[in-house]
Amino acid sequence: MKKIEAVIKPFKLDEVKDALNGIGVQGITVTEVKGFGRQKGHTELYRGAEYVVDFLPKVKLEVIAADNLVAKIIETIETAAKTGRIGDGKIFVTPVEEVVRIRTGERGEAAI
């Protein structure tokens with residue numbers, strides 16, 4: 001099993017969620033986050049004063065999936081979240097040793 005984390009632009013969330021539903025992903029966790037990468041934030045104008053926005057709003061999606069579905073999920077997120085402009089985000093994949101469904105006690109892929 002793998003944990004797929006994707007940090008994307010907030011306005012792309014619905015497109016990514018719909019695309020993941022379309023390939024059969026049953027559950028995702030979504031968190032509103034802030035951060036920056038290479039773009040290092042940007043400047044904005046507010047009431048005539050310029051100020052620096054260091055941390056940009058992003059959305060982090062987390063999906064736990066069986067190994068055979070990981071490539072398809074990554075491709076789906078990449079396609080749905082892409083705008084072609086700086087700040088589109090990143091996808092991280094890490095191994096998951098164990099999953100336990102608290103309600104039933106199921107373990108492993110049966111608990112996903």
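Note that the coordinates shown come from a computational prediction; the quantities given were computed from them, not determined experimentally.
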> How would you list all residue pairs meeting side-chain hydrogen bond (donor to acceptor under 3.5 Å, both in side chains) that involve residues 65-86, not counting sequence neighbours?
Replying inline: T83-D88
> Once you round to the nearest 0.5 Å, how far does CD1 of I4 lie from CD1 of I73?
Replying inline: 4.0 Å
> Got V33 and F55 here, is their nearest side-chain heavy-atom distance under 4.5 Å?
Replying inline: no
>> Just verifying a value: how many Å separate Q26 CD and N21 CG, rounded to the nearest 0.5 Å?
In response: 9.5 Å
> For I91 and A6, which heavy atoms make the closest approach, and how far apart are they?
Replying inline: CG1-CB, 4.1 Å
> Quick one: NZ on K9 to CD on E15, what's the gap to the nearest 0.5 Å?
Replying inline: 12.0 Å
>> So, using side-chain contact (heavy atoms from CB on, under 4.5 Å) as the criterion, who are the partners of L13 when residues are at least two apart?
In response: V30, V59, L61
>> Going by side-chain contact (heavy atoms from CB on, under 4.5 Å), name the residues that satisfy it together with T94, two or more places apart in sequence or in a different chain.
In response: K3
> Do you reckon F36 sits in the same ILVMFWY cluster as V7, going by side-chain contacts under 4.5 Å, direct or chained?
Replying inline: no
> Counting distance only, does the side-chain N/O of K12 pair as donor-acceptor with the main-chain N or O of I77 below 3.5 Å?
Replying inline: no
> Who else is in the cluster with M1 when I, L, V, M, F, W and Y are joined by side-chain contacts under 4.5 Å?
Replying inline: I64, V96, V99, I112
>> I'd like to know if I8 and L56 are part of one continuous hydrophobic network [Ile/Leu/Val/Met/Phe/Trp/Tyr, side-chain heavy atoms within less than 4.5 Å].
In response: no
> For residues 95-112, which residue pairs qualify under side-chain hydrogen bond (donor to acceptor under 3.5 Å, both in side chains), counting only residues two or more places apart or in two chains?
Replying inline: R101-E106, T104-E106
> Is there a path of hydrophobic side-chain contacts, each under 4.5 Å between heavy atoms of I, L, V, M, F, W or Y residues, that connects I74 with I23?
Replying inline: yes
>> Test of understanding: with salt bridge (Lys or Arg N to Asp or Glu O under 4.0 Å), list the residues that count as partners of K34, not counting sequence neighbours.
In response: none
